[in-house]
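Below, each value reflects all heavy atoms present in this structure, side chains not excepted, and no hydrogens, waters or symmetry copies. Numbered from 1 within each chain, the chains take letters A, B, ... in sequence-line order. All figures in this text were calculated on a predicted structure; none of them were measured in a lab.
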Protein chains: 2
Amino acid sequence: MVDVNSKDAASRSLETIQRQSSGDPAKPPRWDIIELLFFAYRDFVGDPDDVLDQFGFGRAHHRVVHFVHRYPGLKVADLLDVLRITKQSLGRVLKQLLDEGYIVQKSGEADRRQRLLFATAKGEALVAQLAGLQTDRINRALKDFTPVEIEAIGRFLSAMIDRNDPDKVLQVILGQASAKTDGRTNKT
Amino acid sequence: MVDVNSKDAASRSLETIQRQSSGDPAKPPRWDIIELLFFAYRDFVGDPDDVLDQFGFGRAHHRVVHFVHRYPGLKVADLLDVLRITKQSLGRVLKQLLDEGYIVQKSGEADRRQRLLFATAKGEALVAQLAGLQTDRINRALKDFTPVEIEAIGRFLSAMIDRNDPDKVLQVILGQASAKTDGRTNKT
DNA sequence: AATTTACGTCAACCATATTGACATATCTTG
DNA sequence: CAAGATATGTCAATATGGTTGACGTAAATT
């Protein structure tokens with residue numbers, strides 16, 4: 001440890017020593033947005049944690065049951081694209097949700113290799129409860145915003161998402177977002 | 001497995017079967033924002049992963065070295081507040097960053113029990129590289145936004161953050177955000 | 001002098017992710 | 001129809017990043 005007791009560093013308050021920028025002045029880092037996104041997401045995903053604990057679940061279960069509920073008939077492969085995790089990792093969480101009756105599988109009609117996923121009433125109830133907490137936070141945050149501002153916020157979040165290989169779910173979401181914002185449909 | 005081959009479920013496309021809402025109609029879940037935040041954050045934090053891999057680091061290292069760089073002289077306790085993790089968990093990644101020379105410690109001048117953290121040039125370079133990637137994404141997303149819209153986006157993200165027990169770092173960030181939005185300077 | 005605080009550390013454990021290999025059922029294609 | 005590709009499941013081993021609880025030391029506070 002460097003025990004120099006540096007006066008200048010140690011004695012300044014957090015406010016005064018905070019860095020303003022530190023790179024190419026032509027492309028200043030967006031420290032504000034970077035950090036606001038970190039904190040906003042930290043608190044946003046933190047809301048459901050207590051509830052999930054009571055069910056013996058973690059955030060992974062939340063993500064899975066959420067997307068299955070929202071996009072009934074989702075294939076396992078779709079879910080892997082959305083969550084960007086491996087089959088292994090999904091497997092355990094999915095098995096738990098199946099075993100405990102939050103999700104059911106049906107084999108595909110056209111392609112019977114596929115396992116289409118559906119949330120049960122139990123699963124829907126869980127998702128609704130968790131979405132309620134997050135919706136409360138969002139509504140609180142948006143309380144004093146105009147519709148135009150809210151539209152801009154959605155457009156920003158949408159623009160932050162990779163467009164290179166949009167999976168099925170993403171196509172739906174981005175399609176909706178742009179449909180809302182400019183009236184264009186995006187069904188390609 | 002429920003192998004019913006349900007026609008109605010399996011044959012509908014993802015677009016047509018997507019749920020519109022499923023709860024109290026008086027408080028409809030904000031599915032759009034919930035999911036946009038998920039995808040936006042997924043891709044936002046995904047950018048640095050490849051670089052971090054090359055350094056043998058993970059996202060935990062990124063968060064630590066980021067905040068230490070941005071708020072030089074941060075105490076260990078402050079970092080715990082910001083990251084919302086335990087001392088144990090922080091300990092491991094912090095030790096690695098110290099051992100490999102990305103961060104140094106200095107004991108506090110006023111209170112010599114404190115270990116004030118500072119990023120080295122090596123640490124700053126890493127943070128700058130990672131912030132560059134994220135800034136590129138943000139700038140791309142904000143390309144066609146007006147200053148007024150950008151201000152609203154920042155205000156929204158800020159409003160999504162818990163106000164109950166704002167730690168030191170958060171006070172700085174939120175102070176800045178409000179200073180920007182209403183013209184007050186915040187140099188204290 | 002006693003207590004509290006800031007930090008570090010040990011041990012055990014858990015959740016969630018990884019890679020790689022392999023099995024099965026089913027669809028597609030030559 | 002045979003061969004190959006695809007969708008899914010599973011086994012084993014491993015890594016990362018998180019947890020709790022206990023304990024120790026140095027330094028500040030009372």
Side-chain angles (χ1 to χ4, degrees), chain A residues 1-3 5 10 42 45-46 48-50 52-53 55-65 68 73-100 103-117 167-168, chain B residues 1-3 5 10 42 45-46 48-50 52-53 55-66 68 73-99 103-117 167-168:
Chain A
M1 164 165 185
V2 185
D3 193 349
N5 280 323
R42 180 194 69 174
V45 298
D49 283 350
D50 295 333
L52 287 164
D53 258 3
F55 285 80
F57 291 146
R59 290 179 187 172
H61 302 84
H62 183 191
R63 294 193 287 266
V64 170
V65 75
V68 169
L74 210 58
K75 291 184 299 174
V76 169
D78 294 330
L79 212 37
L80 293 177
D81 284 345
V82 168
L83 303 179
R84 297 261 172 96
I85 58 177
T86 58
K87 204 174 21 164
Q88 289 309 313
S89 201
L90 174 60
R92 267 176 323 232
V93 167
L94 188 54
K95 193 168 189 308
Q96 279 181 273
L97 290 167
L98 287 165
D99 289 348
E100 302 186 27
I103 287 178
V104 291
Q105 292 180 321
K106 300 180 183 180
S107 50
E109 182 216 15
D111 185 338
R112 302 219 323 276
R113 291 170 306 179
Q114 297 175 347
R115 303 299 150 92
L116 309 183
L117 303 170
D167 53 67
K168 279 179 177 173
Chain B
M1 166 168 181
V2 184
D3 193 350
N5 279 323
R42 180 194 69 174
V45 298
D49 283 350
D50 295 333
L52 287 163
D53 258 3
F55 286 79
F57 291 147
R59 289 178 188 173
H61 302 84
H62 184 191
R63 295 193 286 265
V64 171
V65 73
H66 171 95
V68 169
L74 210 58
K75 291 185 298 176
V76 169
D78 295 330
L79 212 35
L80 292 177
D81 284 344
V82 168
L83 302 179
R84 297 261 173 96
I85 58 176
T86 58
K87 203 173 22 164
Q88 293 309 316
S89 201
L90 174 60
R92 268 181 318 232
V93 305
L94 187 54
K95 193 168 190 309
Q96 279 182 270
L97 290 167
L98 288 164
D99 289 347
I103 287 178
V104 291
Q105 290 179 323
K106 301 180 182 179
S107 51
E109 182 217 15
D111 185 337
R112 301 219 323 277
R113 291 170 305 178
Q114 297 174 346
R115 304 299 151 90
L116 309 184
L117 303 170
D167 52 67
K168 279 179 177 174

Undergrad: Is there a donor and acceptor pair closer than 3.5 Å between the side chain of A:Gln88 and the base of C:dG20?
TA: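 For A:Gln88, whose side chain was compared with the base of C:dG20, there is a donor-acceptor pair (under 3.5 Å).
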Undergrad: Mark yes or no for a side-chain to base donor-acceptor pair under 3.5 Å between B:Arg113 and C:dT5, with no hydrogen or angle criteria applied.
TA: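 Answer yes: a donor N or O sits under 3.5 Å from an acceptor.
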Undergrad: Strictly below 4.0 Å: does B:Arg84 bring a side-chain N or O up to OP1 or OP2 of D:dG17?
TA: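 No, B:Arg84 has no side-chain N/O under 4.0 Å of OP1/OP2 on D:dG17.
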Undergrad: Within the side chain of A:Asp78, is there an N or O that forms a donor-acceptor pair under 3.5 Å with the backbone of A:Lys75?
TA: yes
Undergrad: Rounded off to whole Å, could you give me the CG-to-C1' distance for the B:Leu90 and D:dT20 pair?
TA: 16 Å
Undergrad: How close or far is atom P of D:dG17 from atom CG of B:Asp49, stated in whole angstroms?
TA: 10 Å
Undergrad: Under the 3.5 Å rule, do the base of D:dG9 and the side chain of A:Lys95 count as making a donor-acceptor pair?
TA: no
Undergrad: Give a yes or no on whether a donor-acceptor pair under 3.5 Å exists between the nucleobase atoms of C:dT26, that is its base, and the side chain of A:Arg112.
TA: no
Undergrad: Looking only at heavy atoms, which two atoms of B:Pro48 and B:Val45 are closest? And how far apart?
TA: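 Heavy-atom minimum between the residues: CD-O, 3.1 Å.
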Undergrad: Could you state the atom-to-atom distance from CG of A:Leu80 to P of D:dA7 in whole Å?
TA: 11 Å
Undergrad: Starting at CG of A:Leu97, measure out to CD1 of A:Ile103 and round the result to the nearest 0.5 Å.
TA: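 A:Leu97 CG to A:Ile103 CD1: 4.5 Å, rounded to 0.5 Å.
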Undergrad: Do B:Asp81 and B:Lys168 meet the salt-bridge criterion of a basic N to acidic O distance under 4.0 Å?
TA: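 Between B:Asp81 and B:Lys168 there is no salt bridge, as every charged N stays at least 4.0 Å from the carboxylate O atoms.
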Undergrad: Just N and O in the side chain of B:Thr86: are any of them under 4.0 Å from OP1 or OP2 of D:dT19?
TA: yes
Undergrad: Measure the CZ-NZ distance between B:Arg115 and B:Lys106 for me, rounded to the nearest 0.5 Å.
TA: 14.5 Å
Undergrad: Tell whether B:Gln114 reaches the base of C:dC7 with its side chain through a donor-acceptor pair below 3.5 angstrom.
TA: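 Between C:dC7 and B:Gln114, which were checked side chain against base, a qualifying N/O pair under 3.5 Å is absent.
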Undergrad: First locate atom CD of A:Gln96, then atom CZ of A:Phe57, and finally report the distance between them rounded to the nearest 0.5 Å.
TA: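 It is 6.5 Å, given to the nearest 0.5 Å.
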Undergrad: Over how many whole Å does the gap from B:Leu52 atom CG to D:dA15 atom P extend?
TA: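 From B:Leu52 CG to D:dA15 P: 19 Å.
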Undergrad: Where does DNA chain D form stems of at least three consecutive Watson-Crick or G-U wobble pairs, each pair having both distances below 3.5 Å?
TA: C:1-30 with D:1-30
Undergrad: Among the nucleotides C:dC7, D:dT19, D:dA28, which one has an atom lying closest to any side-chain atom of B:Arg115?
TA: C:dC7
Undergrad: How close or far is atom C1' of D:dT19 from atom CG of B:Leu83, stated in whole angstroms?
TA: 15 Å
Undergrad: Classify the side chain of A:Arg92 versus the base of C:dA17 as yes if they form a donor-acceptor pair under 3.5 Å and no if they do not.
TA: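 It does, because a donor-acceptor pair links the side chain of A:Arg92 to the base of C:dA17 below 3.5 Å.
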Undergrad: Closest heavy-atom contact between A:Val82 and B:Arg42?
TA: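 Smallest interatomic distance, heavy atoms only, reads O-NH1, 2.7 Å.
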Undergrad: Just to be sure I understand the rule, does A:Lys75 reach a base, reach only the sugar-phosphate, or reach nothing, if contact means heavy atoms closer than 4.0 Å?
TA: sugar-phosphate
Undergrad: Mind checking whether B:His66 and B:His62 have parallel, tilted or perpendicular rings, split at 30° and 60°?
TA: perpendicular
Undergrad: Please report the distance, rounded to the nearest Å, between NZ in A:Lys87 and C1' in D:dC11.
TA: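 Taking atom C1' of D:dC11 as the reference, NZ of A:Lys87 is at 12 Å.
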Undergrad: Please report the distance, rounded to the nearest Å, between CG in B:Leu117 and P in C:dA6.
TA: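 Distance check: B:Leu117 CG to C:dA6 P gives 15 Å.
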Undergrad: Report the distance from atom NZ of A:Lys106 to atom C1' of D:dT8, rounded to the nearest whole Å.
TA: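 Rounding to the nearest Å, NZ of A:Lys106 and C1' of D:dT8 are 19 Å apart.
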Undergrad: At under 4.0 Å, does any side-chain N or O of B:Gln96 touch on OP1 or OP2 of D:dT16?
TA: no
Undergrad: Regarding A:Gly91, tell me which of base, sugar-phosphate or nothing describes its non-hydrogen contacts under 4.0 Å with the strands shown.
TA: nothing
Undergrad: When you check the phosphate oxygens OP1 and OP2 of D:dG18, does a side-chain N or O of B:Arg63 lie under 4.0 Å from one of them?
TA: yes
